[in-house]
Structure formats: C-alpha cells, structure tokens
Engineer: 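Below are the structure tokens for one structure; questions will follow.
Just the heavy atoms: all of them, side chains too, but no hydrogens, waters or symmetry mates, feed the values below. It should be emphasised that the depicted structure is a prediction, and the values quoted were computed from it without experimental measurement. The chain is numbered in sequence order, starting from 1.
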Amino acid sequence: MIGRYHFFAGMKLLGLALSIIALPNTAFAKDRVSGEIRPAKVWIDFTVSTISTRFAQGHAGVADRLVTGDDPVRMASISKLIVALTAMRLVDQGKLDIDRDVNAYLGWSVRNPAFPDAPITLRYLLSHRAGLRDSVDYIIPLDGDLSAVLSAHAAWELQYPPGHYFSYANINSPLIAAVLEGATGQRIDRLIAQLVLEPLKMDACFNWGAGCSEGRRAKAVTLLRPNGDLARDAPLVGNEMCSVSPASNGSCDVEKLYKLGRNGSAFSPQGGLRISPRDLAKIGQLLLKDGAPLLSPKSFAEMLGPVWTFDGSNGDDDKGYFKAYGLGIHWLDDGKGGKWIGHVGEAYSLRAGFWVNRSTGKGFVRYVTMVDEFAPVGHCFDQCP
C-alpha cells in the first residue's frame with residue numbers, strides 16, 4: 001500500500017520514466033548488463049542531537065559509484081509526512097484550518113458523489129479518511145485538471161461518508177497540494193522548500209523542483225529494477241529532461257502550463273521527495289523535539305495524533321499493516337511494547353523506513369534498492385525485503 005501504484009498506473013509511470021527521463025549512457029547500459037551493480041543499502045541512526053551512519057553499502061545505481069548517506073534518493077511515501085509538516089506550518093500561520101471545507105481554498109468543488117453534502121477537510125485527507133481511492137490515475141499530465149479526475153465515481157468510496165473510514169490512498173496527496181496552493185498562491189514545491197526544507201538546511205526537493213542546490217540532481221541514487229532496468233532518476237547525462245509528468249502534447253513547460261490549485265500532481269507530493277537519509281534524519285530530530293523549531297506544540301500534537309485507530313471495522317488495515325495514523329504520520333507497534341512514529345516508502349523497487357521512538361529518544365532512516373516489486377510488503381523496520 002505505501003507508495004505502491006495500482007498495476008495500470010505503475011505500468012504507465014514506468015513508460016513515462018523510460019521516455020521522459022534522461023537515458024543512461026552507454027557505459028551505464030554495459031555495467032547494468034554485466035551485473036556489476038549491487039543494491040544500495042543505507043541505514044542512518046539519530047537522536048535529538050546526533051546523526052550517524054550505521055552502514056552504507058552497494059552502489060548508487062551506477063557501477064563504480066558507491067552509495068553514501070548523503071546521496072539524495074526518491075523516498076517514496078515518506079514524502080507525505082513532509083507535506084503534512086508543510087500543512088501544519090500553514091495552520092500555525094493562520095492560513096489553513098484543517099477542519100474547514102477544502103472548497104473554501106480551492107475555488108472549485110470537490111465532493112464524494114454518494115455524500116454530496118458532506119465536506120472534505122484536510123484532517124480527513126491527511127489521515128486517509130476522506131473517501132478517496134486509488135482506482136483512478138492520480139498521476140495527472142502537466143496540463144491536466146484534478147477536478148476532472150475527482151469527478152469520476154471510481155475515485156471515491158461510495159459506502160462510507162468522509163471521516164468514517166480509513167483507506168490508504170495516494171490520490172489524497174495531489175488534492176492536499178492543490179489546497180495548500182489555493183490557500184497561499186504558491187506552487188507546492190516552492191512552498192515546501194520555504195516552510196520545511198530550507199529552514200532545516202536540507203538540500204532536498206520534490207521532483208527536482210525548489211529546494212535542491214545546483215548540481216544536486218547529478219548526485220541522485222538511480223533506482224533500478226532487480227534485473228537492472230531503469231526505474232527512476234537515470235544517471236544525468238547533459239541537461240535534465242522532464243522530471244514531471246509531461247503535458248498531453250509532450251511539453252514540459254512547467255512555468256507556463258502548471259496551474260496553481262488545479263493540478264497538484266506534477267511535483268509528486270505522494271512520493272516525489274528527493275532527500276538524503278542524513279537530511280531526513282533532521283525531520284526525525286524535529287519529531288523528537290515536539291515539532292520544534294517548525295511547529296507549535298498544538299499543531300504538533302494535532303499532527304501526531306493518532307486521529308485514527310483501527311477498531312476492527314473502521315478502516316482497511318491491510319492485514320494488520322495499519323493500526324493507527326495521525327496527519328501524515330504512520331504509527332507502528334513493534335510487538336515488544338515499543339511505539340514508533342514515521343512512515344514507509346515503497347516505489348520504483350525501493351523500500352524505505354523512517355521511524356522514531358519518542359520514548360527512547362532514538363530513530364533511524366533506512367532504505368534498500370532493487371527490490372522485487374512483488375516482494376512481501378513490510379514496514380522496512382526490523383528488516384527491509
């Protein structure tokens with residue numbers, strides 16, 4: 001569930017990756033075939049005041065380039081926690097109310113067709129209780145319109161009204177991004193960089209947008225399938241090509257075609273964060289410090305929750321995978337009495353885990369690449385597949 005795409009969406013994205021991202025050079029193709037590339041395996045530990053590398057093994061998706069804990073990698077659904085932090089910063093600034101009908105910020109109407117009088121709120125969206133489902137393609141072309149996607153009955157759970165049922169869905173994220181853009185008049189990648197990434201001095205960004213330094217893209221971990229096929233972020237050769245889903249005519253003019261509050265998908269708020277594990281550890285330190293220095297104690301408490309806890313019938317727990325969820329925060333019980341908060345990531349043959357134990361004051365970030373897409377899903381906690 002975490003960061004996974006339905007089969008049809010995944011196939012579409014793979015095609016896009018192969019067609020719009022800079023293709024690997026001849027040397028890369030040769031190394032891939034020769035089997036010299038080993039999966040990247042990285043583990044970073046942190047406390048409130050320290051960040052240390054437990055191990056960094058394997059290649060950064062390219063032969064002869066060993067991976068490090070400072071290399072940016074697409075962290076998949078861990079991105080959702082950073083988007084939630086951005087939303088809660090806007091709450092602190094008085095620009096958002098997470099319990100207000102999102103239509104007030106959008107300028108267009110979004111409703112579950114089975115419950116047309118029930119408002120959709122950010123609290124519902126951030127906790128996967130708005131009723132949206134990944135039965136439609138949430139990867140929207142650069143010139144596409146989110147309202148058209150959400151007008152389809154297939155986009156909605158038609159049995160339960162908003163706020164009454166948990167079901168993890170990536171499509172919440174483009175709508176959240178559109179709401180944040182509508183509330184501020186700023187593009188989502190720039191907004192996240194301004195409110196979260198830059199204040200914490202992180203060299204990170206969404207879909208290689210605002211927040212990453214010049215040359216950062218060239219240091220990216222290339223994500224490969226187990227057989228060595230390109231999944232995402234090919235080694236950069238020359239200028240970067242389109243890093244977002246292009247327009248219907250193939251154009252990639254973001255400044256011209258992207259419409260604030262109408263698309264929400266181009267910068268992949270559901271999974272497009274490029275960040276190093278060491279930088280992500282800074283978010284972990286923030287979670288250990290009750291949201292300081294970015295959030296007020298009240299907003300942090302709202303985000304932490306949990307706002308949803310599985311009671312046996314109030315959500316899709318995915319066979320025990322989900323037991324509790326806050327606003328962009330997944331709660332994990334380690335089975336030994338320990339409570340952890342954070343998120344997992346799973347996409348493009350990467351599995352990642354970002355976990356914080358506030359009782360012990362410790363946490364970690366870890367990921368593995370070149371994982372079989374059909375490997376059993378796990379929290380990437382005690383082990384990664």
Engineer: Between E181 (side chain only) and G261 (backbone N and O only), is there a donor and an acceptor less than 3.5 Å apart?
Structural biologist: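 Answer holds: yes.
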Engineer: Using a strict 4.0 Å threshold on nitrogen-to-oxygen distance, state whether D71 and R65 make a salt bridge.
Structural biologist: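 Answer for the salt bridge query: yes.
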Engineer: Please check if the side chain of Y258 supplies one atom and the backbone of N263 the other of a donor-acceptor pair under 3.5 Å.
Structural biologist: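 Checked: no pair found.
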Engineer: Can you name the one residue among N357, L288, I329, L332 that meets side chain to side chain contact (heavy atoms under 4.5 Å, CB included) with I341?
Structural biologist: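 Exactly one pass, corresponding to I329.
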Engineer: Is the backbone N or O of D372 less than 3.5 Å from a side-chain atom of S349, with the two atoms forming a donor-acceptor pair by type?
Structural biologist: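 The answer is no, because no donor-acceptor pair under 3.5 Å joins these two groups.
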Engineer: Answer yes or no: is there a donor N or O on one side and an acceptor on the other, between the side chain of S243 and the main chain of N207, under 3.5 Å?
Structural biologist: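 Looks like yes, one N/O pair under 3.5 Å.
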Engineer: Please evaluate residues S147 and D145 with respect to the criterion side-chain hydrogen bond (donor to acceptor under 3.5 Å, both in side chains), reporting the C-alpha separation (whole Å), side-chain torsions for both, the decisive distance (0.1 Å), and the verdict.
Structural biologist: CA-CA 5 Å; S147 65; D145 196 314; 2.6 Å; yes
Engineer: Would I44 and R366 count as a side chain to side chain contact (heavy atoms under 4.5 Å, CB included) if you check the C-alpha gap in whole Å, the side-chain angles of each, and the deciding distance to 0.1 Å?
Structural biologist: CA-CA 6 Å; I44 301 294; R366 64 183 304 193; over 6 Å; no
Engineer: D70 and S276: side-chain donor and acceptor closer than 3.5 Å?
Structural biologist: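 Looking only at side-chain atoms, S276 and D70 do not form any donor-acceptor pair under 3.5 Å.
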Engineer: With distance as the sole criterion, is a donor-acceptor pair present between the side chains of N314 and H164 under 3.5 Å?
Structural biologist: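 Distance-only check fails for N314 and H164.
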Engineer: Let's go through D97 and V91 carefully: what are the C-alpha distance in whole Å and the side-chain angles of both, what is the deciding distance for side chain to side chain contact (heavy atoms under 4.5 Å, CB included) to 0.1 Å, and is it a yes or a no?
Structural biologist: CA-CA 6 Å; D97 180 342; V91 169; over 6 Å; no
Engineer: Under 6.0 Å between ring centres, would you say that holds for W340 and F381?
Structural biologist: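 Yes; F381 has its ring centre under 6.0 Å from that of W340.
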Engineer: Which atom names give the shortest non-hydrogen contact between P269 and S79, and what distance separates them?
Structural biologist: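 Scanning both residues completely, I find the closest heavy atoms to be O-CB, 3.7 Å.
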Engineer: Could you measure the distance from the CG atom of L125 to the NZ atom of K80? Nearest 0.5 Å is fine.
Structural biologist: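 Going from the CG atom of L125 to the NZ atom of K80 covers 12.5 Å.
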Engineer: For the atom pair CD1 (I98) and CE (M88), what is the distance rounded to the nearest 0.5 Å?
Structural biologist: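 I98 CD1 to M88 CE: 4.5 Å, rounded to 0.5 Å.
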Engineer: D203 and R216: which non-hydrogen atoms are nearest, and at how many Å?
Structural biologist: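 Closest approach of D203 to R216, heavy atoms only: O-NE, 3.2 Å.
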Engineer: Test your reading of the model: is there a side-chain donor-acceptor pair from T86 to the backbone of I82, 3.5 Å cut-off?
Structural biologist: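 Yes.
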Engineer: Nearest 0.5 angstrom please: H59 NE2 to K41 NZ, how far?
Structural biologist: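 If I round to the nearest 0.5 Å, the distance is 13.0 Å.
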Engineer: Whether the side chain of K282 engages the backbone of K201 through a donor-acceptor N/O pair (distance < 3.5 Å, no angle test) should be reported.
Structural biologist: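 Yes, K282 side chain to K201 backbone: donor-acceptor pair under 3.5 Å.
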Engineer: Is it the case that the side chain of D334 and the backbone of G338 share a donor-acceptor pair, with hydrogens and angles ignored and the cut-off at 3.5 Å?
Structural biologist: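 At least one qualifying donor-acceptor pair exists.
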Engineer: For K289, is the NZ atom crowded, meaning more than 12 foreign heavy atoms sit under 6.0 Å from it?
Structural biologist: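 Check passes, neighbour count above 12.
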Engineer: W308 and F166: aromatic ring centres closer than 6.0 Å?
Structural biologist: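 Between F166 and W308, which both carry aromatic rings, the centre distance is below 6.0 Å.
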Engineer: Return the set of residues passing ring pair (Phe, Tyr, Trp, His ring centres under 6.0 Å) with Y160 (not counting sequence neighbours), or none when no residue passes.
Structural biologist: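 Scan of Y160 (ring pair (Phe, Tyr, Trp, His ring centres under 6.0 Å), adjacent residues dropped) gives Y165.
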Engineer: Ignoring hydrogens and angles, tell me if any N or O in the side chain of R100 forms a donor-acceptor pair with the backbone of T121 under 3.5 Å.
Structural biologist: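 No, the answer is negative, given that no donor and acceptor are paired below the 3.5 Å cut-off.
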Engineer: Do the ring centers of F354 and H343 come within less than 6.0 Å of each other?
Structural biologist: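 No; H343 has its ring centre 6.0 Å or more from that of F354.
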Engineer: Which atom names give the shortest non-hydrogen contact between Y138 and Q270, and what distance separates them?
Structural biologist: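 Heavy atoms of Y138 and Q270 come nearest at CE1-NE2, 3.7 Å.
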Engineer: Mark yes or no for whether T184, through its side chain, and Q186, through its backbone, hold a donor-acceptor pair below 3.5 Å.
Structural biologist: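 It does hold such a pair.
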Engineer: Rounded to the nearest 0.5 Å, how far apart are CD of Q93 and OG of S296?
Structural biologist: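 Rounded to the nearest 0.5 Å, the CD-OG separation comes to 11.0 Å.
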Engineer: Between R133 and W156, is there a donor-acceptor pair closer than 3.5 Å when you use the side chain of the first and the backbone of the second?
Structural biologist: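 Between the backbone of W156 and the side chain of R133 there is no qualifying donor-acceptor contact (under 3.5 Å).
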Engineer: In this structure, is the centre-to-centre distance between the rings of F322 and F310 below 6.0 Å?
Structural biologist: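 When the ring centroids of F310 and F322 are compared, they turn out to be at least 6.0 Å apart.
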Engineer: Run the side-chain hydrogen bond (donor to acceptor under 3.5 Å, both in side chains) test on R278 and T68 for me, step by step, so that the C-alpha distance in whole Å, both residues' side-chain angles and the decisive distance to 0.1 Å come before the verdict.
Structural biologist: CA-CA 9 Å; R278 289 185 67 86; T68 77; over 6 Å; no
Engineer: What's the verdict on side chain to side chain contact (heavy atoms under 4.5 Å, CB included) for W43 and Y367, showing C-alpha distance, side-chain angles and the deciding distance?
Structural biologist: CA-CA 7 Å; W43 185 318; Y367 75 84; over 6 Å; no
Engineer: Does the pair L286 and L85 meet the rule for a side chain to side chain contact (heavy atoms under 4.5 Å, CB included), with working shown?
Structural biologist: CA-CA 10 Å; L286 177 146; L85 276 173; 3.9 Å; yes
Engineer: To the nearest 0.5 angstrom, please state how far the CG atom of L350 sits from the CZ atom of R74.
Structural biologist: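 That separation rounds to 9.0 Å.
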Engineer: Nearest 0.5 Å, please: how far is CD1 in I120 from CZ in F115?
Structural biologist: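 The CD1 atom of I120 is 10.0 Å from CZ of F115, to the nearest 0.5 Å.
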Engineer: Does NZ or CZ of R274 fall inside the cone over F206's six-membered ring, less than 6.0 Å from its centre and within 45° of the axis?
Structural biologist: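 Output no; distance or angle outside limits.
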